[in-house]
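Reminder, nothing fancy here: chain letters follow the sequence lines and each chain counts from 1.
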There are 2 protein chains.
Amino acid sequence: MEETKDQGLKLQIVEAAREVLLSEGYRNLSLRKIARRAGVSATSIYLHFEGKDDLVHALIEEAIARLNHRLEQAAGTTKGSPINKIEALARAYADFALEHPREYQVIYLVSSDEMTRYPKEKFRKARKGYELVIDVLKQGIQEGVIQKTKPGTAAYTFWAQLHGVMSVVLSKRLDTRINQNEFIEEAISHIVSGYRQQGSLEMDDIKEQRI
Amino acid sequence: MEETKDQGLKLQIVEAAREVLLSEGYRNLSLRKIARRAGVSATSIYLHFEGKDDLVHALIEEAIARLNHRLEQAAGTTKGSPINKIEALARAYADFALEHPREYQVIYLVSSDEMTRYPKEKFRKARKGYELVIDVLKQGIQEGVIQKTKPGTAAYTFWAQLHGVMSVVLSKRLDTRINQNEFIEEAISHIVSGYRQQGSLEMDDIKEQRI
DNA sequence: ATTACTACTTAACACTGTTAACCAAAGGAT
DNA sequence: ATCCTTTGGTTAACAGTGTTAAGTAGTAAT
């Protein structure tokens, strides 16, 4: 019953929790199930977490970290115009959501379910992806290819729009007549296009990389 | 215990359900609580609904209807350029979400919680707002002020982006340094700007109507 | 008058998050 | 060597959940 006893049960528990989440979905994520998988009693969870919400917050934190890692990777490998970079970030985001839907959805769980507010200190730690976009935006503004707006606010709207798009994709609310990948690509194109400085056309971004 | 016995309990139950939802939030929406408020036994709900999910679907349907009503209203009263109309729709959407956050959030519940799939026939009935945008987009394309894209897909991305924006606002994930209304206004501006035909500037839309 | 149906109820099941009470092992102090 | 306290876990129990099965009044039909 001991697979990962690093610094105690805590990690083992959140690992078990993630396993249950991925295999059974958030709806069937129960403390007893997690405990069983971790080879421990259900109430033991309360020795390491304040309650279920707290444990879920740990899951969220983890998921955000993974997403951010993915984004940093994309930002690092992409060279060229800020427009290109921002598109790469958007695609990385979309890909993560598509490949790990349940992990992605747990990130935005805090809102729809009225969970205990996600502690803002954890929030701060998780702002890496946000800052990535800010940097790219600043550079783009400097180069004159991106509209002159507050990068802080604009970065937020950027992620928010993307989230909305992936949210309707994952909830399968898309009209069956609409192709999913085409939809995502067009959404990304629109979002990026919304930040582009009017009149500064570049001919390498209306194309489709993904079919 | 009989306040609205129109065609039986069904309406009375969903009404009670909406009351509980609005006053206590989705998380505390339980069948027994609903039943108590409706002055009826908990199991009676199963005479009119397949289960809790089905009842929630009715709530969703209702919420969508209200939102659509609001959108139709906005579309009707706004005259002028398609750009103006599309902005008006966006604002109406945002206002609804701000004024009725719990009702709004229930609409997008289907995804985050892994609920029984929202039946697609109900879905079709609820597409009024979607079609409103399609019409405006078509007209805008014709007038040459909106990018030439498939209106069907574009309409979806439009709503998706808006949803994302309101989703992060309602989940209070916004950075405290960022003003909420300013954020919404800028997001709308970006979204609309993403559909605008490059080079066709109109000088009445970067302004702030809301402070 | 008896049957059948309708609209509802009560009882019960298996499960949930959470709290209280308990317990065994491990040191430390005397 | 014995007592005390702490640490890290346990089992038992509570109130509440969605859901199913069985039962029961009231009404309509024959």
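- The side chain of A/H48 places no N or O atom within less than 4.0 Å of a non-bridging phosphate oxygen (OP1 or OP2) of D/dG8.
- Across all strands shown, B/S30 has heavy atoms under 4.0 Å from sugar-phosphate atoms exclusively, and none from any base.
- Per the geometry, CD belonging to B/E24 stands 10 Å off P belonging to D/dT17, to the nearest Å.
- A donor atom on one side chain and an acceptor atom on the other are found under 3.5 Å apart for B/H69 and B/Q73.
- Listed for the B/N84 side chain is no donor-acceptor partner under 3.5 Å among the backbone atoms of B/T78.
- Rounded to a whole Å, the CG atom of B/L47 is 14 Å from the C1' atom of D/dT24.
- Between the side chains of B/T157 and B/Y195, a donor-acceptor pair is found at a separation under 3.5 Å.
- In this structure, of C/dG17, C/dT9, D/dT17, it is D/dT17 that holds the atom nearest to the side chain of B/K33.
- Atom CZ of A/F49 and atom C1' of C/dT19 are 19 Å apart (whole Å).
- Between the OH atom of A/Y46 and the P atom of D/dT10 there is a distance of 14 Å, rounded to whole Å.
- In this entry the distance linking CZ of A/R27 with P of C/dC15 reads 16 Å, nearest Å.
- Between the side chains of A/Y108 and B/Y108, no donor-acceptor pair of N or O atoms lies under 3.5 Å.
- A/L55 comes within 4.0 angstrom of nothing in the nucleic acid, heavy atoms only.
- Residue A/T43 is the one, among B/L29 and A/T43, whose nearest nucleotide of DNA chain D lies closer to the 5' end (criterion: closest heavy atom).
- The side chain of B/L9 has C/dC8 as its nearest neighbour among C/dT9, C/dC8, D/dG8.
- Atom CD1 in B/I45 sits about 11 Å away from atom C1' in D/dT19, given to the nearest Å.
- For the salt bridge (Lys or Arg N to Asp or Glu O under 4.0 Å) test, no residue two or more places apart in sequence or in another chain qualifies with A/K52.
- C/dA7 atom P lies 13 Å from atom NZ of B/K10, rounded to whole Å.
- Comparing D/dG9, C/dT18, D/dT19 by their nearest atom to the side chain of A/S44 picks out D/dG9.
- At whole-Å resolution of the value, CG in A/L31 and P in C/dT16 are 9 Å apart.
- Take the nearest nucleotide of DNA chain D for A/V40 and for A/R32: the residue whose nucleotide is more 5' is A/V40.
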